[in-house]
Amino acid sequence: MKQFRRRTRICILSLLFLSVFAPILLLYESKGFIEDLSSFKGRRDLPKLNLVKQEEDEGFREPILNVYKDVNVDPLVSFGSQDVDNKSDEPIIGKNTDFIEQNEGDSDVKGNNGQSQEEKMLLSPGRKGEIGRATLEHDQGRRAMDKKIKEMKDQLIRAKAYLTFAIPANNAHLIKELRLRIKELERAMGDVTKDSDLSKRAVQRMRAMEVSLQKAGRIYPDCCGMVKKLRAMTNNAEEMVRVQKEQETFLIQLAGRTTPKGLHCLSMRLTAEYFALKPEERELPSNPDVLVRNSTDLYHFAVFSDNVLASAVVVASTISTAKEPGKIVFHVVTDSLNFAAFSMWFLFLHPPGKATVQIHNMDNFDWLSTKYNPPNTQGHESQDPRYTCALNHLRFYLPHIFPTLDKILLLDHDVVVQKDLTSLWRVNMMGKVNGAVNTCQGHDPAFRRMDLLINFSDPIVATAFTNQPCTWGFGVNLFDMREWRKRNLTTLYNKYLQLGKKRPIWKAGSLPLGWLTFYNQTMDLERKWHVHGLGYHSGIKQEDIEKAAIIHYDGVMKPWLDIGIEKYKTYWRNHVKYDHPYLQQCNIA
C-alpha cells in the first residue's frame, strides 16, 4: 500500500513539473517564429507575388553570380521630367516618347495594335545612338552611380529576397542578423551616390553584409527557388512600372487637351469686359486697304486659335522682331465663344501699335456651309478635340477666307517668332503651293513616316501616292494663294475629308489630310526658319534654338501648361505681360 501511494505521488509531481516547464520550452522554441510574424505588422498592402505559380513549371537559366556588375548603356530617354511632354513635359522612356510627339498642330497618332511602326523605327540601332547622344547632352549634370554603391544596392536586394523565404528550423538568429545588416547598410548609405562620399563605416557595413549573405547562401542552397523568387519580384516590379507609365501617358494626354483654370478665367473676364461696353463701343475698327490684292507692301499672317494668351504671344513676338511693323497684318480666326475675348484683348486692351490685327469669327463664314461641307470630323474614330476642332481644318479654306490675298504665312498658336520674317515673302516658290520645312528619315527625331497616318493599303491611296522619305508639318507654312486657287486644292481636300469618313484612308488630325492635299505641291524651306519639337523633345540643341527664326512647341507639353518642358518656357514667357491685372487676378504666372 505504501509503495502504491509513493508511485502516485511521483506521477503527480511529474505531471506538475511538465505543466510548469513545458510552456517555457515551447515559448523558447517558437521565439524566432513569433519574431518573424512581428515583421508583418502593418503590411496589409503588400502586393502578392502571384507570378511564382505561373512560372513553377517553366525552366529557368542559372542566375548570374555578380549581378551588380552591370554594363552602362546609353539611355533612351527623350524627356527627363516631364517631361512629358511630353511631348512633361515625362522621364519618358522608350515608347512613352511617342505620345509626346505631335501632329505639327495636332497630336501625333499612334497605332493601337501592339508596337506601332513608329516605335520600331525609334528603336532601330541608328535611332538609339542618336537619341542616346541627345540624352547625354541633356543629362551631363547627372552624377553617375559608382561601383560600391551598386554593390550595396545589390546586397540589399539579395538580403530582402532571403527574408521572403520560409524560415528553416533553428535559423532565427540568421533572420535577425539579416534584418540588422539591412538597417545598418541603409543607414550608412543614406543619399550618397558616389563612392568618394562613402565613409569607412559604410564600407565596413558592406563587408559585414557580404559575410551574412554568404551564411544565408549556405543555409539556403536552393538556387532554383531563389531564381523563381527573384524573377517573380522582377516581373511584379515591371508590371507596376508598366501600369505607372500607362497612367502617366493618360494624365499627360488629359492635361494637354484641357484648358487650364487660369486661361479659362482670363477668357471669361475679357468676355465680361467686352459685353460691358456700350454697343457702339464694340464696333471694331476696319481698314479695307489691308485686304487689297495689289497691296504688295503688306505682310499677311494668319492664326487659327481659341487660346487668347497663346495668340497674343504669337502676335507680340512677330511684331517685336519685325523691321517694319507698320506693314504687318495679322488675321486671327477664332470661334464665336472666344470672339469677344480676342476682340477685347487685341483691339481695346493691347492694340498692336503700328501693326494691324483683324479678328474673324468663323461662324460668320456663311459660304462654308453652302459651298462645302462643314470641316468637322466628329464621325471619325478620334474623340480628341484637338483633332475634331473645326479651327484645325479651316486652314484648308484660306483662299476662300481671304479671296483677295496672293500670299500668306500661316502660324500655329504655339510658336514664338525670334527674327524678322518679311524675307520669306521674297522666297521663290517655284510654282509650288505650300512652303514648309521638311523632316527626313534618319536626320530628324521629329520625322514621321506617311504610312503611320495614311493607309497605303487602300487602293485609292496606293495608286495616287507613294511613301515619301521626307515629310513636313504644320506650324509655319507659306502659301501661294494664286497657285492654290489655280489647282483648286480646297475641293481636293474636301474630297479626301469625306472619303476618310467612309473608309479608313487616314487617321485623325489635319496633318495626313495636308499630306494628301499638298502632295507634290510643297517646297522645302531652309531649316533656319522653323525649329520644332519643344513640346515633346528635351534634347534640342541650344544653338539650334537661338539660330531659329521660329520655334515651335508642337506636342502636348505646351509652354502655358504645368507639364511643359521648363527650360524652354523662357522663350515664351518673355512675351507674356504677367503684370497685367487680368493675368494676376487669374493667377497666371
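Quick caveat: nothing in here was measured; it's all calculated off a predicted structure.
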Worksheet, complete the sentence: Rounded to the nearest 0.5 angstrom, the NZ-CG distance for Lys502 and Leu497 is 11.0 Å
Worksheet item: Is there a side-chain contact between Lys432 and Asn434 (heavy atoms, below 4.5 Å)?
Response: no
Discussion item. Checking Leu516 against Phe465 for the side chain to side chain contact (heavy atoms under 4.5 Å, CB included) test, could you report, in this order, the C-alpha distance in whole Å, the side-chain angles of both residues, the deciding distance, and whether it holds?
Written reply: CA-CA 8 Å; Leu516 296 175; Phe465 304 94; 3.6 Å; yes
Worksheet item: Side chain of Tyr568, backbone of Ile540: donor and acceptor closer than 3.5 Å?
Response: yes
Worksheet item: For Ser317, does its backbone N or O pair with a side-chain atom of Ser320 as donor and acceptor, under 3.5 Å?
Response: yes
Discussion item. Determine whether a donor-acceptor pair (N or O, by modelled atom type, separation under 3.5 Å) exists between the side chain of Asn477 and the backbone of Gly475.
Written reply: yes
Discussion item. Between Ile505 and Ile460, is there a side-chain heavy-atom distance shorter than 4.5 Å?
Written reply: no
Worksheet entry | Taking every non-hydrogen atom, the tightest pair across Val427 and Lys407 | O-NZ, 3.8 Å
Worksheet, complete the sentence: Taken in chain and number order and not counting sequence neighbours, the residues that satisfy ring-ring contact (aromatic ring centres under 6.0 Å, His included) with Trp560 are His413, Trp572
Worksheet entry | ring pair (Phe, Tyr, Trp, His ring centres under 6.0 Å): pairs with one or both residues in residues 248-267, sequence neighbours excluded | none
Worksheet item: In Å, rounded to the nearest 0.5 Å, how long is the span from CG of Leu478 to CZ of Phe301?
Response: 9.5 Å
Worksheet item: Looking at CZ of Phe474 and CG of Asp412, how far apart are the two atoms once the value is rounded to the nearest 0.5 Å?
Response: 8.5 Å
Worksheet item: When rounded to the nearest 0.5 angstrom, what distance separates CG in Leu266 from CD1 in Ile588?
Response: 4.5 Å
Discussion item. Are the side chains of Glu483 and Met429 in contact, using a 4.5 Å heavy-atom criterion?
Written reply: no
Fill in: Closest heavy-atom pair and its distance - Gly533, Asp554
N-OD1, 2.6 Å
Worksheet item: Checking side chain to side chain contact (heavy atoms under 4.5 Å, CB included) for the pair Arg487/Val433: CA distance, chi angles, key distance, verdict?
Response: CA-CA 9 Å; Arg487 291 170 172 75; Val433 177; 4.0 Å; yes
Worksheet item: What do the steps show when you test Leu583 against Leu309 for side chain to side chain contact (heavy atoms under 4.5 Å, CB included), and what is the final call?
Response: CA-CA 10 Å; Leu583 270 64; Leu309 188 61; 4.3 Å; yes
Discussion item. Is the distance from the ring center of Phe402 to that of His300 below 6.0 Å?
Written reply: no
Worksheet item: Within a strict 4.5 Å, meaning less than it, do heavy atoms of the His552 and Val476 side chains meet?
Response: no
Worksheet item: Below 4.5 Å, heavy atoms only, C-beta onward: do Arg395 and Asn392 meet side chain to side chain?
Response: yes
Worksheet, complete the sentence: Residues Ile401 and Leu394: closest non-hydrogen pair is CD1-O, 3.9 Å
Practice prompt. Calculate, to the nearest 0.5 Å, the distance between atoms CD1 and OG1 belonging to Ile359 and Thr334 respectively.
Written response: 8.5 Å
Worksheet item: What is the ring orientation for Phe518 with Trp484, classed by angle as parallel under 30°, tilted 30 to 60°, or perpendicular over 60°?
Response: perpendicular
Practice prompt. Kindly say whether Thr466 contributes a backbone atom to a donor-acceptor pair with the side chain of Tyr519 at under 3.5 angstrom?
Written response: yes
Worksheet item: So which heavy atom on Pro352 is nearest to which on Ile319, and how close?
Response: CB-CD1, 3.7 Å
Worksheet item: What distance separates Phe304 CZ from Leu410 CG, expressed to the nearest 0.5 Å?
Response: 6.0 Å
Worksheet item: Any ion pair linking Lys245 and Glu248 (charged N to carboxylate O, less than 4.0 Å)?
Response: no
Item to complete: Apply side-chain hydrogen bond (donor to acceptor under 3.5 Å, both in side chains) to Asp480 and list each qualifying residue two or more places apart in sequence or on a separate chain.
Response: none
Practice prompt. Could I get the full list of ring-ring contact (aromatic ring centres under 6.0 Å, His included) partners for Phe342, not counting sequence neighbours?
Written response: none
Worksheet item: With a 3.5 Å cut-off and no angle check, do the side chains of Thr422 and Asp420 form a donor-acceptor pair?
Response: yes
Fill in: Note, Trp425 side chain near Asp406 side chain (heavy atom, < 4.5 Å)
no
Worksheet item: Are any side-chain N or O atoms of Asp335 and backbone N or O atoms of Asn338, one a donor and one an acceptor, separated by less than 3.5 Å?
Response: yes
Discussion item. Students often mix this up, so state it plainly: with edges at 30° and 60°, are the rings of Trp367 and Phe365 parallel, tilted or perpendicular?
Written reply: parallel
Fill in: Side-chain heavy-atom pair Ser510, Tyr493 within 4.5 angstrom cut-off
no
Considering only distance and modelled atom types, tabulate donor-acceptor pairs under 3.5 Å from the side chains of residues 343-350, sequence neighbours left out.
| unit_1 | atom_1 | unit_2 | atom_2 | d |
| --- | --- | --- | --- | --- |
| Ser343 | OG | Phe339 | O | 2.9 |
| His350 | ND1 | Lys577 | NZ | 3.2 |
| His350 | NE2 | His580 | NE2 | 3.4 |

Item to complete: May I ask you to decide if Lys547's main-chain N or O and Lys528's side chain share a donor-acceptor pair within less than 3.5 Å?
Response: no
Discussion item. What I'd like to find out is whether the side chain of Leu421 reaches to under 4.5 Å of the side chain of Trp529, using heavy atoms alone.
Written reply: yes
Practice prompt. Provide the closest heavy-atom pair for Leu405 versus His331 in the form atom of the first, atom of the second, distance.
Written response: CD1-NE2, 4.1 Å
Worksheet item: If only atom types and distance count, is the side chain of Lys354 paired as donor or acceptor with the main-chain N or O of Lys327 below 3.5 Å?
Response: no
Fill in: Short side-chain to backbone donor-acceptor contact, Ser267 and Leu263, under 3.5 Å
no
Fill in: Worked verdict on Leu561 versus Val556 for side chain to side chain contact (heavy atoms under 4.5 Å, CB included)
CA-CA 9 Å; Leu561 299 177; Val556 294; over 6 Å; no
Discussion item. If we ignore hydrogens and angles and just use 3.5 Å, is the side chain of Asn455 paired with the main-chain N or O of Pro504 as donor and acceptor?
Written reply: yes
Worksheet item: Is the side chain of Asp524 donor-acceptor paired with the backbone N or O of Val437 at a distance under 3.5 Å, no angle test?
Response: no
Discussion item. Can you list everything that forms a salt bridge (charged side-chain N to carboxylate O under 4.0 Å, His left out) with Asp458? Sequence neighbours excluded, please.
Written reply: Arg503
Worksheet item: Can you name the nearest heavy-atom pair linking Ala340 to Tyr274, along with the distance?
Response: CB-CD2, 3.3 Å
